[in-house]
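Data first, discussion second: the structure below is written as C-alpha cells.
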Amino acid sequence: MGAARLRGWKFCLLGGDRRQDYLGCRLARSGAEVWIVRRRPPRFPGLRHSRAKEPALDGARVIVCPMAPFGPDGRVCSEDPEDLLALTESDLDLLARPSVLFAGSFPERLAAAAEKAGCRPVALNDMDEMAILNSVPTAEGALLMALERTTVTLHSSKALVLGYGRTGQTMARTLLALRARVTVIARRPAARARARADGCEALPLEELAGALTDARFVFNTIPALVLTADALERARPDVIIIDLASAPGGTDFEAARRLGLTAVLAPGLPGRVAPETAGGHLAEVVTRIALQSLAPVEVRPS
Ligand code: NAP
C-alpha cells in the first residue's frame with residue numbers, strides 16, 4: 001500500500017473487533033487520519049480515539065462499521081458489550097460529501113438514507129472477494145475450535161462439510177490438506193460435482209442424517225436449520241459440531257444439548273483468530289473501493 005496515498009483522508013472506524021485496530025494501522029500507514037470510536041483505546045499508536053461518535057464522523061470521507069450485522073435502531077456490533085454505539089440516519093449529515101460507508105450488510109433503511117445523503121453504502125458480505133478472503137481465517141478458526149474439543153486427529157477422521165459455497169469450499173480443502181475423510185453435503189448437483197472433483201465425497205441434503213451416523217466432525221456453513229433434532233438423533237455421541245453459519249446457525253442447539261452432543265456456534269472467527277490477517281484484507285478492499293469511489297484529496301504543502 002503506497003505510503004501517502006490516503007493523505008488528507010479521514011476515516012472513522014465504528015465498534016467491531018480486533019480487526020479494526022489492524023485495519024486502522026494499515027490505513028494510517030497509508031497516510032490517513034484514522035479515528036477509532038469505542039470505549040477502549042486503540043491497541044496501536046498513531047490512531048485517534050473517541051468514545052463519542054460525533055468528532056470522528058465529522059467530515060469523515062470513509063466510515064467502516066463491523067462485518068457483523070447492525071442490531072435494532074442502527075446498533076453497531078462491538079466486541080466490548082459496554083460499547084453502546086449506533087449509526088443513525090441523522091449521523092450521516094456529519095459526513096463529508098461524497099463519502100463511502102462500509103459494513104458487512106445494511107438494513108435497507110440505512111442504505112437508502114446513506115444514498116440520499118451522498119454516501120455510498122458498500123456491503124462487504126456481498127462481495128465474493130471479501131467472503132473468499134475471510135473463508136481462510138474462518139476455516140483455520142473452525143479447525144482450532146474442533147481440535148480443542150476432541151481427543152482424535154482430523155487426519156483419517158470422517159468430517160462432514162455442510163454447504164459448498166465460499167466458506168464450505170475452503171473448509172473442505174483445508175480438511176483435505178490434513179488428510180481428513182471429507183464428505184460434502186450440498187443441495188445443488190453442480191456443487192456436489194465440484195466437491196467430488198476436489199476430492200471429497202458428496203451427498204444431497206436428504207442424506208445428511210444417514211451421513212451423520214459415523215461422522216466425527218461436522219462443519220456447517222448453511223444458514224438454515226439443517227441439523228434438526230431428528231438428524232442429530234442419528235449422530236455419534238462424540239461428534240463435534242462447529243456451526244459457522246451466521247446466527248442463529250443451522251443447528252438445533254437445544255436438541256444437541258438434550259442429546260449431550262458437542263455443538264458450538266462460532267461467529268466472527270476471522271476477527272477472533274486472525275485479526276491481523278483479516279484486518280489486512282479489509283484494508284486492501286476498503287482502500288481500493290474508497291480510491292475508486294472518491295476523488296483524490298488535494299493536500300497543500302505545509
Ligand atoms: P455462500 O457462499 O452463499 O454459501 C452458502 C452455502 O449454503 C451454499 O452451498 C448454499 O447452497 C447453501 N445454502 C444456503 N441456504 C441453503 C438452504 N436453505 N438449504 C440448503 N443449502 C443452503 O456463503 P458463505 O460465504 O460460504 O457463508 C456461509 C455462512 O457462513 C453465512 O451465514 C456467513 O455469514 C457465515 N460466515 C461465518 C463466518 C464465521 O466466522 N463464523 C465467516 C464467514 C462467513 P447454494 O449454492 O445452493 O445456494
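Indexing begins at 1, ligand by ligand and atom by atom, following the structure's order. If you're wondering where the values come from, they're calculated on a predicted model, not measured in any experiment.
- Contact check on Glu79 versus Arg43 returns a salt bridge, with a Lys/Arg side-chain nitrogen under 4.0 Å from an Asp/Glu carboxylate oxygen.
- Pairs of residues two or more places apart, or lying in two chains, that qualify as ring-ring contact (aromatic ring centres under 6.0 Å, His included) and include a residue from residues 34-61 are Tyr22-Phe44.
- Taking the charged nitrogens against the carboxylate oxygens, Arg272 and Asp17 have no contact shorter than 4.0 Å, which rules out a salt bridge.
- Considering all non-hydrogen atoms of both residues, Ile185 and Ile222 come closest at O-CD1, 4.4 Å.
- Using a 4.0 Å heavy-atom criterion, the residues that approach ligand 1 are Thr138, Gly163, Tyr164, Gly165, Arg166, Thr167, Arg187, Arg188, Leu205, Thr221, Ile222, Pro223, Ala224, Leu244, Ala245, Ser246, Ala266, Pro267, Gly268, Leu269, Pro270.
- Summarising the geometry of Val62 relative to Val286, their closest heavy-atom pair is CG1-CG1, 4.3 Å, with the distance given to 0.1 Å.
- Under 4.0 Å is where a charged nitrogen must lie from a carboxylate oxygen, and between Arg75 and Asp73 no such pair does.
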